[in-house]
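Since the structure comes first, as structure tokens, the remarks are kept for the end.
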Number of protein chains: 4
Amino acid sequence: MARGINKVILIGNLGGDPETRYLPNGNAVTNLTLATSDSWRDKQTGQMQERTEWHRVTFFGKIAEIAGQYLRKGSKIYIEGRLQTREWEKDGVKRYTTEVIVDIGGTMQMLDSRGDNDGASRAPVSRPQSQPQQQPQSQPQQQQRPAPSVQHDAQPAPDYDSFDDDIPF
Amino acid sequence: MARGINKVILIGNLGGDPETRYLPNGNAVTNLTLATSDSWRDKQTGQMQERTEWHRVTFFGKIAEIAGQYLRKGSKIYIEGRLQTREWEKDGVKRYTTEVIVDIGGTMQMLDSRGDNDGASRAPVSRPQSQPQQQPQSQPQQQQRPAPSVQHDAQPAPDYDSFDDDIPF
Amino acid sequence: MARGINKVILIGNLGGDPETRYLPNGNAVTNLTLATSDSWRDKQTGQMQERTEWHRVTFFGKIAEIAGQYLRKGSKIYIEGRLQTREWEKDGVKRYTTEVIVDIGGTMQMLDSRGDNDGASRAPVSRPQSQPQQQPQSQPQQQQRPAPSVQHDAQPAPDYDSFDDDIPF
Amino acid sequence: MARGINKVILIGNLGGDPETRYLPNGNAVTNLTLATSDSWRDKQTGQMQERTEWHRVTFFGKIAEIAGQYLRKGSKIYIEGRLQTREWEKDGVKRYTTEVIVDIGGTMQMLDSRGDNDGASRAPVSRPQSQPQQQPQSQPQQQQRPAPSVQHDAQPAPDYDSFDDDIPF
DNA sequence: TTTT
DNA sequence: TTTT
């Protein structure tokens, strides 16, 4: 249940490869930065101006695994998520970081045509404990075809804090 | 022109009265904080949980004047804006603040029924320079009825019918 | 999985009481019409113009039950759904009706303050078969407090056609 | 001014080339159909199901010209518009057609990578009256580079920094 | 700091 | 009628 609406819709390109980690409970968390840019003609100088906005995006759960596996630096994606501001401390000073959370209830969709970004998905990051650590990197990829879209749902707040012993991004 | 989409949609309540200031060029800027909250039943304990998210919202231009004049602490509003992160420095340390910008291209709409929040709009903050500072507070308000909605862009209804002598599609 | 995005966001008022029916499988379907209106000043005449748009909204599943129970004529709601066009036939002529579908993956939120619309939820429409038809109207309502918001999720296409032996709306 | 919100967001592919016409007042109108599709696994049969939804989209004004010139059958686009239902009559029978209107206040953005769809924009449809009819089709195209994005509203970056001599919030 |  |  929600009192209010908190919705973010972005289309942009990844500033770098996504980074996937796993929570103690086995759930995946994927971080990436997304660029959206505006350009306009300056009224005074007549020059074209451009401003790029960088967004910190965090995926949770199944969608985090897919994001980590199929997205690469430069990938263009559509996401639908919600704003969340975390408080953290450094040198005794409180700081705040605002992220776009994409979990159950959010959406991600790849917008690159036919397997761009060299067409290859990456080997999934092995989960701690639940998978043997000598897992071969060269294992055959079971997913040959791109999985460009994920829509999942719901509410349960992901157990994020317990994971966040270091500062993401 | 935009490369990418950067859109935020919020429905929430103001945490305090909005604050309006004026730029040197006479344009208004209004700041406020907006609360959106989620509640859900914890799977483990069965207890209801609630989390409130606070959003910093900045209005520019005409919509900033309206926000400053008609909104109050507790007002429920719908806004549509874009994410923007500012960098600032304190004690030689860089910090970042993410805000939701509502300007031309954005939208604000009051959702309180019929002039709630004691029904009174507030006297507009006088602009520096451009208005005499002895402006009487008791001047008759020209806006008696709530102006619950502002949409910086669109409205003019296209003259579609006059064109439609045959059925498109 | 989706190829593409199909999203509708509306805030408006109900044109009449919602109508709830039950599918053979027991799932609820609630229909209502929602008005959104625009007004603008005509450039030529200087007169204010207004245009009201009426939207046909169909809820499925749990959210349909809540909509049927808590919404009334005049209720102001926020909905998030998707566009869907149905084909039907009358007198041998094909016709099309476009609706906004709100099911798993969509959202509804009541925007009336504190139990407006006389504050009373209505007795739920009895389900065919699954509940005795002499169900008393005066049964104690188990939901005393308004449930103004529902957010649910997912994909499975509702079995709509099998129900649609007459034309809704 | 709007009482209510009426917003549609679509990402899909054009089912055919767009068709542009000009109103008597010289304004462009462009029609196209856009496909969005969903697929899911049927719970009962385990088979993959797919449903394609076709949307009628109408652009007005400057954005209509750009849509007519740069889009082609198969183009993938993002649009933001509003729902509008028109009434029309055929053989004495009233019918209704629901369209997504994209005009001032709406947005269109091409999502194909770098000038796909054979990379060529089409010669603009000549306007009636306002342009000489012997206008050569073979005139050199002034737009060589794709214009993938149009946003009818927003851009001018507010002069925020010059104001920000103290830290808001 | 809001709201129900 | 699109796309993967």
Side-chain angles (χ1 to χ4, degrees), chain A residues 1-6 70 78 85 109-116 119 143-150, chain B residues 10-19 31-39 48 50-57 71-79 110-113 116-117 169, chain C residues 1-6 70 78 85 109-116 119 143-150, chain D residues 10-19 31-39 48 50-57 71-79 110-113 116-117 169:
Chain A
M1 186 166 88
R3 298 213 144 268
I5 296 293
N6 176 355
Y70 291 100
Y78 168 95
T85 299
Q109 202 159 124
M110 288 186 65
L111 297 176
D112 298 303
S113 15
R114 310 134 253 187
D116 270 11
Q143 304 91 332
Q144 295 295 50
R145 328 224 50 240
S149 158
V150 169
Chain B
L10 301 176
I11 294 179
N13 298 282
L14 273 69
D17 287 347
E19 294 178 13
N31 291 315
L32 56 83
T33 55
L34 199 64
T36 59
S37 55
D38 277 274
S39 60
M48 284 305 290
E50 179 154 353
R51 179 189 168 105
T52 295
E53 195 67 36
W54 286 99
H55 309 273
R56 299 181 170 195
V57 182
L71 303 183
R72 306 292 297 260
K73 177 175 175 173
S75 294
K76 172 176 269 182
I77 59 173
Y78 168 96
I79 64 163
M110 287 186 66
L111 298 175
D112 297 304
S113 15
D116 270 13
N117 298 314
F169 296 104
Chain C
M1 186 166 86
R3 299 214 143 269
I5 294 294
N6 176 356
Y70 290 101
Y78 168 95
T85 299
Q109 202 159 126
M110 288 187 64
L111 298 176
D112 297 303
S113 16
R114 308 135 254 185
D116 271 12
Q143 305 91 331
Q144 295 294 50
R145 326 221 54 238
S149 160
V150 170
Chain D
L10 301 176
I11 294 179
N13 298 282
L14 272 69
D17 287 345
E19 293 178 13
N31 291 315
L32 55 83
T33 55
L34 199 63
T36 59
S37 54
D38 277 274
S39 60
M48 284 305 290
E50 178 153 355
R51 180 191 168 103
T52 294
E53 196 65 37
W54 287 98
H55 309 274
R56 300 182 169 193
V57 183
L71 303 183
R72 306 290 299 256
K73 178 176 176 174
S75 295
K76 172 176 268 181
I77 59 173
Y78 168 95
I79 64 164
M110 288 187 63
L111 297 176
D112 298 304
S113 14
D116 270 11
N117 298 313
F169 294 104

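The sequence lines fix the lettering, A, B, ..., with proteins before strands; numbering per chain opens at 1.
- Between atom CG of residue D:D17 and atom CG of residue D:N31 there is a gap of 13.0 Å, rounded to the nearest 0.5 Å.
- Atoms CE (D:M48) and C1' (F:dT3) sit 15 Å apart, rounded to a whole Å.
- Atom CD1 in B:I77 sits about 13 Å away from atom C1' in E:dT3, given to the nearest Å.
- Between D:D112 atom CG and F:dT3 atom P there is a gap of 10 Å when expressed in whole angstrom units.
- Atom CD1 of B:I11 is separated from atom OH of C:Y78 by 6.0 Å, given to the nearest 0.5 angstrom.
- Summarising the geometry, the separation between CZ on B:R56 and P on E:dT2 is reported as 16 Å, rounded to the nearest angstrom.
- Taking 4.5 Å as the limit, every side-chain heavy atom of B:E50 sits out of range of all side-chain heavy atoms of B:M48.
- Distance, D:L111 CG to F:dT2 C1': 14 Å, rounded to whole Å.
- The nucleotide whose nearest atom lies closest to any side-chain atom of B:E50 is, among F:dT1, E:dT3, F:dT3, E:dT3.
- Side chain A:R3 to base E:dT3: no donor-acceptor pair is found below 3.5 Å.
- Here B:T52 lies in heavy-atom contact (under 4.0 Å) with a base.
- The nearest whole Å value for the distance from the CG atom in B:L14 to the P atom in E:dT4 is 13 Å.
- E:dT3 atom P lies 18 Å from atom CG of B:D38, rounded to whole Å.
- The CG atom of D:L34 sits 5.0 Å away from the CD1 atom of D:I77 when rounded to the nearest 0.5 Å.
- B:W54 does not qualify as a stacking partner of the E:dT2 base, lacking a centre-to-centre distance under 5.5 Å together with planes within 30°.
- For the pair D:E19 CD and F:dT2 C1', the computed distance is 15 Å after rounding to whole Å.
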